[in-house]
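Below: the structure, in structure tokens.
All chains are named by letter (A, B, ...) in the order of the sequence lines, taking the proteins before the strands, and each is independently numbered beginning at 1.
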There are 4 protein chains.
Amino acid sequence: MSTPRSFVDKICPVRAKRERRKEARPGELLAAALDLFVEKGFAATRSEEVAARAGVSKGTLFLYFPSKEELFKAVVIENLGGRFTEWNAEFEAFEGTTADMLRYCMNVWWERVGKTQASGLTKLMMSEGANFPALAEFYREQVVRPGHDLLRRIFQRGIDSGEFAPMDVDHAIYSVVAPMVFLMLWKHSAMVCVDGAAALDPEKYLATQAEVVINGLSVRSGRPTEPGVSSAAPKIEGLS
Amino acid sequence: MSTPRSFVDKICPVRAKRERRKEARPGELLAAALDLFVEKGFAATRSEEVAARAGVSKGTLFLYFPSKEELFKAVVIENLGGRFTEWNAEFEAFEGTTADMLRYCMNVWWERVGKTQASGLTKLMMSEGANFPALAEFYREQVVRPGHDLLRRIFQRGIDSGEFAPMDVDHAIYSVVAPMVFLMLWKHSAMVCVDGAAALDPEKYLATQAEVVINGLSVRSGRPTEPGVSSAAPKIEGLS
Amino acid sequence: MSTPRSFVDKICPVRAKRERRKEARPGELLAAALDLFVEKGFAATRSEEVAARAGVSKGTLFLYFPSKEELFKAVVIENLGGRFTEWNAEFEAFEGTTADMLRYCMNVWWERVGKTQASGLTKLMMSEGANFPALAEFYREQVVRPGHDLLRRIFQRGIDSGEFAPMDVDHAIYSVVAPMVFLMLWKHSAMVCVDGAAALDPEKYLATQAEVVINGLSVRSGRPTEPGVSSAAPKIEGLS
Amino acid sequence: MSTPRSFVDKICPVRAKRERRKEARPGELLAAALDLFVEKGFAATRSEEVAARAGVSKGTLFLYFPSKEELFKAVVIENLGGRFTEWNAEFEAFEGTTADMLRYCMNVWWERVGKTQASGLTKLMMSEGANFPALAEFYREQVVRPGHDLLRRIFQRGIDSGEFAPMDVDHAIYSVVAPMVFLMLWKHSAMVCVDGAAALDPEKYLATQAEVVINGLSVRSGRPTEPGVSSAAPKIEGLS
DNA sequence: AATGAATGAGAGTTCATTCAT
DNA sequence: CATGAATGAACTCTCATTCAT
């Protein structure tokens, strides 16, 4: 669990000294915290256990993070929020059709978030957000808003370039987010809602949903881009 | 939170007037517990608060339910598990095509569960199931298994009657359950993952998903897997 | 568990009506209470269980006895304290040697107390007396003092008649009480201090102890009352 | 209540100065617990009070002992169970007659147990053992069994060496244990069963009982070891 | 007279957080 | 920097006692 260019590195004063060991501390704590938060939830994770898994004492944890809530926020930044600047830059530089951009976006999300532990944080927020309003607010600011903004820019690019028909962008955002949310839940709660093992191929599922959305949004000339597909355009009626 | 046609009410029907209050207690407690469990989760709900919301004291709660876990089980039975016998009977008696049966099933589910507080229990189990194995097991026995069995019977009926092509029934079950799970999450966690309010019409969404599934399973006369038809069948590729 | 001529009968106003059933109530409650107090101790006996064993409801118990402590006092009176008037009378009327009187006294004690449940009350007071000073005081007044008085009178009679040598009567009392206490403990705590089953014949043990005491107290003329026994007089040195 | 030569002290000998306090904690807690358990019994002793008497807060107690029951077990080990290895060694090395060994054994017991607070634990088990089966079992394993084994070895030595006549060793054990049990009760329950203060000299009492047992068990040659005493051998008839 | 539903103080135990070392 | 002993508020569950019916 490497922590390259971590957001926390920037705020944590402990980093003053260049000593290797000490440098690694916050990262180890964040990694341990991520594991445990995802595994047990926020409330049910004991700070002592986080410290123990990071190989330090309880006191040390509070040396780096003033409270359990701040620890959680740091985990969110490290794994989700702090990456948006990088992602935004990546997408600013993207060349190609907006449809490809959307496909790429969803793939990237799956590779860097959905597939990893980090996706558990979203499930966690859905579960416990109501009990920790400060955390929920923080999460919305750091993750939800930037994520939506990124998608919004993609859709706007499509509209501006004439690739996508004018639309209610907020709804469109949602039709991309919904399958992501579903996949995260499926990953982290399978034990409860499914008996059998893996009945779902996440990458295929995501690709299909991407096509559904793209088809639904694309400007169609007199006739479908490809005959036989146009009529089939599987609009998700509920999502509009 | 009214408690209409409560499971408990059915066991002990009418009584003398002076027992009105006592009679009502379990129902009131179950209703209060449902509210709070759904609102805050299992661990974060304090027994005293359940009692207070039902208008009684802490001790009274434990007069009716020997522990918080038993209270939760009673809530699950009352709102989900205990209704399967009734639902099973209803479906045994169903006349019509299996496709209609499936549509009806999903509608009924939405009306009686998805739309109600009860759907919060599923979200709760997904969130906290791992921390309370005994509850997770109980939930699987009382809700997941019967639910899957019911769906299994529907699909089998379709296969037997020739309406549906032979399939992996377990996968099919999952393609029906997935959108339900998604809707429950959307309902109970909207605050976290969505900015705007209602971007989703659950009934339409569910109807669309129903058609997707039905199309995917139906025996097609013309000639299956042929271009022009296949394209119309919006197969969810990820779900297989 | 008959309750003949109960002390409680005299104070309990409920007895006004001559109805058979009601008449029996307090006695049944006292019997149940005795059983449970002896079995579990005072603190660990729940009032509800007493009521249940007596076949009445919790409320009824408090109708007859204003508190658990009063219930206990009534049990003590019923089984121990209230019998002293009768026993005193019996001993006032005793004709025969004082040695026989003492033997008879110990036998009677064994038959009517030691052997019965009632002996458990003494063990109970030794165990929990310190935690319930009011009960301890009551027990001393109602049981210990009258018991000691009775023994004192016996010894005094022996001294007055010349059968016993002058002695410290309080110590003598103690040498009679000690084996009784020991037997009660042995009966009610055997499970803890003994592995094997019955290694002790209480009646023989008591008879032996009686002889020890009598021998120790008796005036001996030039030679023992009976040759070969006198020298054997197994004085208990520690008890003096 | 000082904790000299504590069992715990033996496991972790000297440490740095700064750990003085921490080092002393378990001993202080055990001492406080012993005091209170003996004074009030197990159930009636509140954990918070144990902590308070040791000068720490409620939470600290549970830092050292995971539950009240474990605390009690530790008290038993510290004061009784843990000393048997030492005692056994002492007796293996004993040189002299078995009669002397038995006398020594009873003296040692009185000095190191009977006279001390520790004897209150036995009284406690007799009172509350039935309500806490796990504790009773532990006590039997740690104290009753090793104690009986030690006595058994003594008697067996006497038989093997020809000092004692063949006997039912289990009964013999009991005749030694009985006066010990009685003395412990007398010590800790005096307030209830005796009016006057010290009517009993425990050491004399114990010495007398020792002679009774030794006389009862000893092999007598053709004629008593000493004329006039043999016939006097004050057999405790009840104990057989 | 009898019930049993209701109460609420109090017990054992947990855990985020502090701070002397 | 790092530790881990110490804290105390908070939580679940118990049970003697009350009182409307």
Mind calculating the distance between [atom1] ([X]) and [atom2] ([N]) to the nearest angstrom?
X	N	atom1	atom2	answer
D/E49	E/dG10	CD	P	14 Å
D/R46	E/dG10	CZ	P	9 Å
D/F72	E/dA11	CZ	P	19 Å
D/L63	F/dG4	CG	C1'	8 Å
D/F62	F/dC11	CZ	P	18 Å
B/E70	F/dT12	CD	C1'	14 Å
A/E48	F/dT3	CD	P	12 Å
B/L29	E/dA5	CG	C1'	12 Å

Heavy-atom side-chain proximity of C/L30 to C/F65 below 4.5 angstrom: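 Yes, close enough: below the 4.5 Å cut-off.
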Using the rule given for salt bridge (Lys or Arg N to Asp or Glu O under 4.0 Å), can you reason through B/R53 versus B/E39, listing the C-alpha separation, both sets of side-chain angles and the distance that settles it, and then say yes or no? CA-CA 13 Å; B/R53 186 173 296 205; B/E39 186 183 329; 3.5 Å; yes
Residue matched to E/dT18 through Watson-Crick or wobble contacts both under 3.5 angstrom: F/dA5
F/dC11 pairs with, by Watson-Crick or G-U criteria that keep both distances under 3.5 Å: E/dG12
Looking at [N], I'd like to know if its phosphate oxygens (OP1 or OP2) sit under 4.0 Å from a side-chain N or O belonging to [X].
X	N	value
D/T60	F/dA5	no
A/S47	E/dA16	yes
A/Y64	F/dC1	no

In sequence, state the C-alpha distance, the side-chain angles, and the governing distance for B/K40 and A/E128, and then conclude on salt bridge (Lys or Arg N to Asp or Glu O under 4.0 Å). CA-CA 7 Å; B/K40 316 192 155 197; A/E128 301 186 76; over 6 Å; no
Would you sort out whether C/Q117 and C/N79 count as a side chain to side chain donor-acceptor pair (under 3.5 Å), showing the intermediate values? CA-CA 9 Å; C/Q117 290 265 64; C/N79 292 282; over 6 Å; no
Do D/K58 side-chain and E/dT13 base share a donor-acceptor contact under 3.5 Å? yes
For A/V56 and C/E69, take the nucleotide of DNA chain F holding the closest heavy atom to each; which residue's nucleotide lies nearer the 5' end?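 Nearest-nucleotide comparison on DNA chain F picks A/V56.
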Mapping B/F42 and D/L61 to their closest nucleotides on DNA chain F, which lands nearer the 5' end? D/L61
Pick the closest DNA chain E nucleotide for A/G59 and for B/S57 by heavy atoms, then say which residue is nearer the 5' end. B/S57
Is it true that atom CD of C/E48 has more than 12 heavy atoms of other residues, nucleotides or ligands lying nearer than 6.0 Å? no
